[in-house]
Protein chains: 2
Amino acid sequence: MRGVDKRRRLTAAAAQVLHRQGVERTTIADIAKTADVPVGNVYYYFKTKDELVQAALSEHEGSLAELTAELDKLPDPLDRLKALVEAWVSQRDTAARYGCPTGTLAAELDKRADGTLDREVGRVIRVLLDWAEDQFRALGLPDPGDLAVTLVAGYQGMSLLTNALRDPDIMTREGDRLIRWLDTLTSGT
Amino acid sequence: MRGVDKRRRLTAAAAQVLHRQGVERTTIADIAKTADVPVGNVYYYFKTKDELVQAALSEHEGSLAELTAELDKLPDPLDRLKALVEAWVSQRDTAARYGCPTGTLAAELDKRADGTLDREVGRVIRVLLDWAEDQFRALGLPDPGDLAVTLVAGYQGMSLLTNALRDPDIMTREGDRLIRWLDTLTSGT
DNA sequence: GTCTATATTTGGATAGAC
DNA sequence: GTCTATCCAAATATAGAC
């Protein structure tokens with residue numbers, strides 16, 4: 001089953017290279033080279049470039065599922081949310097260089113006239129929003145959906161500024177602010 | 001002076017089309033067509049595509065300068081900041097379709113290995129941050145720089161989610177939240 | 001399943017007539 | 001200053017040998 005192995009390598013390479021270079025500036029050859037697969041052979045596994053983008057998106061969705069599964073082991077929903085923020089902040093150097101993998105992909109795909117892939121990326125973002133909403137609801141807070149949007153928007157905003165200004169410290173400071181915000185929400189005053 | 005006119009039309013067209021389609025998916029022909037200028041003639045005014053991107057960026061910077069100049073007419077810095085948020089929210093339909101002009105441009109340009117244009121876009125974002133910082137400082141608040149980052153990150157975050165989910169209502173709700181946040185900052189408790 | 005060679009298209013950029 | 005025709009490079013995708 002060497003084929004399965006190559007498919008996985010191509011998927012992993014696509015996720016990494018597309019994040020770093022963006023969709024439009026990445027060539028099939030770039031991905032093939034990173035995966036150490038000859039260019040022509042790529043088409044045996046993925047018929048078009050868009051299928052590689054789709055595979056990369058699924059890879060990011062998988063990482064997100066892994067992360068939330070890990071967080072779900074924590075008993076307290078508030079701790080889960082705080083740990084999520086900490087996980088984001090721990091990625092600050094990558095964010096400073098390349099931004100949030102899903103966020104930058106969404107921004108790029110949303111520019112397309114063809115609305116197939118950008119509906120997909122919207123769905124992945126919704127998975128994160130839904131998970132966060134569940135935590136806020138478990139805490140008994142009002143408007144858990146709005147709170148989830150505020151949290152994720154906070155993350156996307158700090159990622160973009162961190163990236164645009166190439167300054168990981170923004171991520172640290174804004175992460176601290178989000179943690180404090182989560183505390184005030186639940187301090188019941 | 002027909003030349004000046006064409007240059008301006010090309011600049012305006014570049015700003016609009018690059019915002020809608022993104023840099024990489026926009027061809028010189030797209031911009032030329034929108035500006036109603038023959039393709040070959042474009043190169044008389046702009047030697048490369050990157051010069052057109054630079055021109056579009058300057059156009060956005062000009063719009064920002066116009067907006068802040070207008071806001072500066074308001075006597076109270078808090079009113080200025082609130083009016084800024086309201087100006088953002090009023091653009092919610094455009095944001096839902098194409099995102100924030102400067103933010104999406106920054107995300108795209110930051111993917112480049114060549115760091116010329118992405119330093120430029122960072123500078124434009126800094127202009128906005130500096131203006132906001134001035135307002136927070138005028139209000140006598142501590143850490144005005146951090147507050148400016150939080151405000152602009154809030155804008156970029158809500159723009160990205162609004163765009164990715166194609167939902168202008170997110171912009172309305174998050175805008176309201178930013179206004180309430182500005183109020184709590186200054187309510188002096 | 002793998003890989004090389006190549007067909008095809010697109011788009012940035014230029015030459016040169018007017 | 002204006003515009004057409006075209007060059008050329010890059011990149012997606014395919015053909016077909018192994």
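Protein chains get the first letters and strands the later ones, always in sequence-line order, with residue 1 at the start of each.
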| task | Check the angle between the aromatic planes of B/His60 and B/His19 and answer parallel, tilted or perpendicular using the 30° and 60° thresholds. | result | perpendicular
| field | Selected nucleotide, minimal atom distance to B/Pro38 side chain, candidates C/dA13, C/dG11, D/dC3 | value | D/dC3
| remark: In whole angstroms, the gap separating C1' of D/dA5 from CG of B/Asn41 amounts to 15 Å
| Between the side chains of A/Thr34 and A/Gln16, does any donor sit under 3.5 Å from an acceptor? | no
| query | CG of B/Leu10 versus P of C/dG12: gap in Å, rounded? | reply | 14 Å
| field | Whole-Å gap separating P (D/dT6) and CD1 (B/Ile28) | value | 21 Å
| request: Kindly determine whether A/Asp5 and A/Arg8 satisfy salt bridge (charged side-chain N to carboxylate O under 4.0 Å, His left out), including the steps that lead there. | output: CA-CA 5 Å; A/Asp5 184 49; A/Arg8 292 214 81 262; over 6 Å; no
| task | Specify the separation, in whole Å, of atom CD of B/Glu24 and atom P of C/dT10. | result | 18 Å
| task | May I have the distance from A/Tyr43 (atom OH) to D/dT12 (atom P), rounded to whole angstrom? | result | 6 Å
| message | For A/Gly40 and B/Tyr44, find the nucleotide of DNA chain D closest to each by heavy atoms; which residue's nucleotide sits nearer the 5' end? | response | B/Tyr44
| message | Rounded to whole Å, how long is the line connecting atom OH of A/Tyr45 with atom C1' of C/dG1? | response | 6 Å
| Integer-rounded Å distance: C/dG11 P and B/Leu52 CG | 16 Å
| request: Check A/Ile31, A/Leu57, A/Val23, A/Val17 against A/Leu52 for a side chain to side chain contact (heavy atoms under 4.5 Å, CB included) and give me the one that passes. | output: A/Ile31
| note | When rounded to whole Å, the CG to C1' distance for the pair B/Asp5 and D/dG1 reads 13 Å
| task | Ignoring backbone atoms, establish whether B/Lys6 has a side-chain N or O less than 4.0 Å from OP1 or OP2 of D/dT2. | result | yes
